[in-house]
J.: 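Here's a structure for you.
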Amino acid sequence: MTPTAPDSLTRHLADLIQVQGPIPVSVYMAEALGHPDLGYYMTREPIGRDGDFITAPEVSQFFGELIGIWCVDIWQRMGSPPSFCLTELGPGKGTLMIDLVRALSAMPGAAEAAHIHMIETSPSLADQQRKNLDRAGIAGARWHQRLADIPRGPLIVVANEFFDALPVRQYVRTERGWHERLVDWDPAAECFRFVLAARPAADPEAVPQELKHAPEDEVVESCPAAQALVSDLAERLVKDDGAVLVIDYGSAESATGDSLQAVSGHATHPVLDRPGEADLTAHVDFAALAKAGQAAGAAAHGPVTQGSFLQALGIDLRAAALAEHATPAQQHDLQTAVERLCAPEQMGELFKVLAFTRADHLPPAGFEAAS
Ligand code: SAH
């Protein structure tokens, strides 16, 4: 274990554990990513070749453009309202929004109607997004920390690789029931370690009903923050109309398994080593999200795989049209980008897409085959 600077997040969490005892995995994750001074997203440059990981909007402009076309369709289905909130959760470098708005601008009235609201907790990423939107000639966007700050009215929300950053709790099946997995500090070895709560979890909702009888030693995860957020979004859709598009990696059905993973410099990193210095994520449980949205009165569509979603929106046709006037090197790049986004062994299958609308709407574009 590397020595810990007095102001490091390791020191801060070790002190916290020494005072109050082992902490839930969700607290460890929330602090590692979001501590106001030392959290990963506050201090790092996460996305891009020089960062820790690359996201779909950074692979190709197709991604944001196709989502823009999806948003135009939703806007038209709402009756082309003269004003709506176009909201992105966790916009990274702002690339998705820039590509999305370019596609929106091709439809008369759509870009003019869109009021851009970015939800971002990291001041440095919000700064980067502001600069990049400015450079792309997109004016009038506003930044917020929370969904509750978005004004009322028709709403289209997109979230790419955002939900995987929300803190999960973990529970392990033992012969005495489900015990929460906690993070402890070992002062002798100077490192974090996993331990189990002494008593079984009291919250009957902690473990999904269908997994309650999993074999011993199985781990299940739940993400209360994601469920609460989807529930709030669904309530907004019911009142104000609109749609929410969630794209992330995870499973279509709730499943057992420890999916917590850390990534640094495009390589895996030990989850409990140097929190705040690596990205920390968990797979998204799409079935749990769909249920939370439905319980709040919205219709859930999908999940479908990212590959089938982008193909249904015409990624192949778009690539073929661009390839007609491209050099051989550009054609190769186009082909590589499409494969990276859509091929099952790349992002095409692990990444899923889930949409929410008001219950009286038909399945949106890309989800017709799933219903
Ligand atoms: N959507 C972008 C970035 C994904 S990385 C892309 O596809 O490239 C995750 C993003 O979510 C970052 O911008 C991060 O700062 C932001 N984020 C993480 N947790 C958040 C939270 N609780 N509230 C708001 N933003 C958050």
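In this chain, numbering begins with 1 at the start of the sequence shown. Both counts, for ligands and for their atoms, begin at 1 and track the order of listing.
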J.: In the hydrophobic clustering (ILVMFWY, side-chain contacts below 4.5 Å, transitive), which residues join Val244, or is it alone?
T.: Leu89, Ile119, Leu147, Ile150, Leu155, Val157, Phe162, Phe163, Leu166, Leu229, Val230, Leu233, Leu237, Val246, Val284, Phe286, Leu289, Leu354, Phe356
J.: Which residues satisfy the salt bridge (charged side-chain N to carboxylate O under 4.0 Å, His left out) test with Arg152, sequence neighbours excluded?
T.: Asp240
J.: Would you mind telling me which of Lys93, Glu120, Glu45 makes a side-chain hydrogen bond (donor to acceptor under 3.5 Å, both in side chains) with Gln128?
T.: Glu45
J.: Give me the atom names and distance for the closest heavy-atom approach of Phe309 to Ala365.
T.: CE1-O, 3.7 Å
J.: Please tabulate, line by line, the atom pairs linking an N/O of ligand 1 to a protein N/O at a distance below 3.5 Å, with the distance in Å to 0.1, or answer 'none'.
T.:
residue	atom	partner	partner atom	Å
ligand 1	1 (N)	Gly90	O	2.7
ligand 1	1 (N)	Asn160	O	2.7
ligand 1	7 (O)	Thr55	OG1	3.4
ligand 1	7 (O)	Asn160	ND2	2.7
ligand 1	8 (O)	Thr55	OG1	2.6
ligand 1	13 (O)	Gly92	N	3.0
ligand 1	13 (O)	Glu120	OE1	2.6
ligand 1	15 (O)	Glu120	OE1	3.4
ligand 1	15 (O)	Glu120	OE2	2.6

J.: Considering only Ile, Leu, Val, Met, Phe, Trp and Tyr, and joining two whenever side-chain heavy atoms are under 4.5 Å apart, list the other residues clustered with Leu182.
T.: Val195
J.: Does Leu13 offer a backbone N or O that forms a donor-acceptor pair with the side chain of Trp185 under 3.5 Å?
T.: no
